[in-house]
Amino acid sequence: MAAAEKPRVPQWTTVAVVGAGTIGLSWAALFSAHGIRVRVTDPRPDLAEAVREAMPALAASIPGSDAEDLLSRIRVTGDLAEAVDGVQLVQENGPERLEFKQELFAEIARHAPAEAVLASSSSGIIASDIAAELPDDVAARLLIAHPFNPPQVVPLVEIVPGQRSAERVIESTMDFYTALGKTPVRLHKEVSGFVANRLQSAIMRESISLVLRGVVSAEELDTVMKASLGGRYATVGPFESFHLGGGPGGIRHMMAHLGVGMAARWKELGDPELDDDAIATITEQTEAAYGAGPDAYRERCELRDRKHIAIKSALGDIEN
Ligand SMILES: NC(=O)C1=CN([C@@H]2O[C@H](COP(=O)(O)OP(=O)(O)OC[C@H]3O[C@@H](n4cnc5c(N)ncnc54)[C@H](O)[C@@H]3O)[C@@H](O)[C@H]2O)C=CC1
Ligand SMILES: O=C(O)[C@@H](O)C(=O)[C@H](O)[C@@H](O)CO
């Protein structure tokens, strides 16, 4: 496929979603919205109800989608072997525990087709660790495809190959998510937390530190972010931002002029202890600002997604 040419139609037509929680349900909706047959499996006793109840809100955040239409391509089963039988891709969304994912992928490999791609949505566990005890032919098909929540709205998916992931698997996986309209970014090295979550962890560390020190409240910190870096980083990334912040002299001037001050500040950044008191403070302030419970969750997710979709629509096809 020519470098400039982007795949428009997903090459895989039947996908298994293993784990139907926050992320698995979002993936199921996105896959179905692209005409893909989706098999969802999870041991949760309310699986069928959870899938049916989640679809209206998910459909509302996928332009042109309808809950009943999405459900028409989704089949649920509590049987893992049945779910992965005959699929071309398995998207795993189980608990974020290494031993759990190692056991689950060993079970998936026993039942999925020998050529199926095995992708984990993991937030930070590397594929080489998940595949550590798996044979080469399975490890060759296993990689990380880490989405940002919610996957049906946020474009990024970090493709993080393991040491034994096959090149053809990596390339076909990149093509698949591109055809879904996502923005796959392939990492060149495995690092726990990958890139986006390491950045997010750095931001949350300083954010929590500033709130615990009483510099701002949680809601005020969110306002600072939304009124500055949030919008900025939707238009230019950190390096381009500094390049433009340097004026005509660009990043060269920025580094010469403000680089030393920035580096000195690194030594002053917070390193908060996330103990019970800290968690209580953050929880109290966040729930006071945004509510808690299923109704508040639904309302805030709908508002978040509506704003994110508006941003994506406004950016549209502006040359990136
Ligand atoms: N929540 C988030 O913001 C994001 C989470 N992720 C990653 O996605 C994965 C799933 O996270 P969430 O959806 O948030 O978790 P969740 O707790 O909402 O869902 C996990 C699901 O796994 C199911 N499960 C447990 N044992 C299972 C088994 N043996 N087979 C199949 N399903 C099983 C549970 O019943 C539950 O429905 C994790 O690896 C997480 O790190 C990735 C990006 C964002
Ligand atoms: O924030 C997200 O959507 C993702 O980066 C995640 O993986 C999860 O939120 C979690 O890792 C937050 O640390």
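We're numbering straight along the sequence, starting at 1. Both ligands and their constituent atoms are indexed starting at 1 by order of listing.
In terms of protein heavy atoms, atom 3 (O) of ligand 2 is closest to N149 N, 2.7 Å. When hydrogens are left out, the protein atom nearest atom 20 (C) of ligand 1 is N93 O, 3.5 Å; that is the closest non-hydrogen contact. Closest to atom 39 (O) of ligand 1 among all protein heavy atoms lies E96 OE1, 2.6 Å. Remark: minimum distance from atom 35 (O) of ligand 1 to any protein heavy atom is reached at D42 OD1, 2.7 Å. In terms of protein heavy-atom proximity, atom 10 (C) of ligand 2 is closest to S123 OG, 3.8 Å. Nearest protein neighbour of atom 5 (O) of ligand 2, counting heavy atoms only, is N197 OD1, 2.4 Å. Closest protein heavy atom to atom 31 (C) of ligand 1: P43 CD, 3.5 Å. Remark: minimum distance from atom 12 (C) of ligand 2 to any protein heavy atom is reached at Q200 NE2, 3.8 Å.
Taking the side chain as every heavy atom from C-beta outward, I125 and E96 approach each other to under 4.5 Å. The closest side-chain heavy-atom distance from W12 to S172 is below 4.5 Å. Between I36 and S32, every side-chain heavy-atom pair lies at or beyond the 4.5 Å cut-off. Residues L89 and Y177 form a side-chain contact, since some pair of their non-hydrogen atoms from C-beta on lies under 4.5 Å apart. Residues R52 and L71 have side chains in contact (heavy-atom distance under 4.5 Å, counting atoms from C-beta outward). Side-chain contact between I159 and V185 is absent, with no heavy atoms from C-beta onward closer than 4.5 Å. Looking at I126 and F194, their side chains come closer than 4.5 Å, going by heavy atoms from C-beta outward.
Of the listed options I23, V18, T22, I23 places a heavy atom closest to atom 44 (C) of ligand 1. In this structure, of G19, P45, S26, S121, the residue bringing a heavy atom nearest to atom 42 (C) of ligand 1 is S121. The heavy atom nearest to atom 22 (O) of ligand 1, considering only P147, G21, P95, is found in P95. Between A145, G94, S123, it is G94 that holds the heavy atom closest to atom 9 (C) of ligand 1.
Contacts of F100 with ligand 1, taken as heavy-atom pairs under 4.0 Å, involve the side chain alone. Of the heavy atoms in A20, only backbone atoms (N, CA, C, O) come closer than 4.0 Å to ligand 1.
Near S122, meaning under 4.0 Å from one of its heavy atoms, ligand 1 places the atoms 39 (O). The ligand atoms of ligand 1 that sit less than 4.0 angstrom from a heavy atom of N149 are 3 (O). Near H146, with a cut-off below 4.0 Å to any heavy atom, the atoms of ligand 2 are 4 (C), 5 (O), 6 (C), 7 (O).
Ligand 2 lies nowhere less than 4.0 angstrom from a heavy atom belonging to M204. Using a 4.0 Å cutoff on heavy atoms, K101 counts as a contact of ligand 1.
Distances between N or O atoms of H146 and those of ligand 1 include no value under 3.5 Å. Annotation: T41 places no N or O atom under 3.5 Å from an N or O atom of ligand 1; distance criterion only.
Of the listed residues (D42, L118, T41), just one forms a side chain to side chain contact (heavy atoms under 4.5 Å, CB included) with V18, and that residue is T41.
Counting protein heavy atoms under 4.0 angstrom from atom 13 (O) of ligand 1 gives one or more.
By the 30° and 60° cut-offs, the orientation of the rings of F148 relative to H146 is perpendicular.
Using a 4.0 Å cut-off between a side-chain N of Lys or Arg and a carboxylate O of Asp or Glu, K101 and E92 qualify as a salt bridge. No salt bridge links E302 with R298; every basic N to acidic carboxylate O contact stays at or beyond 4.0 Å.
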Stepwise salt bridge (Lys or Arg N to Asp or Glu O under 4.0 Å) check, R110 with E107: CA-CA 5 Å; R110 278 191 280 276; E107 181 69 7; 2.7 Å; yes
Working for salt bridge (Lys or Arg N to Asp or Glu O under 4.0 Å), residues R186 and E167: CA-CA 12 Å; R186 174 179 178 174; E167 188 59 31; 2.7 Å; yes
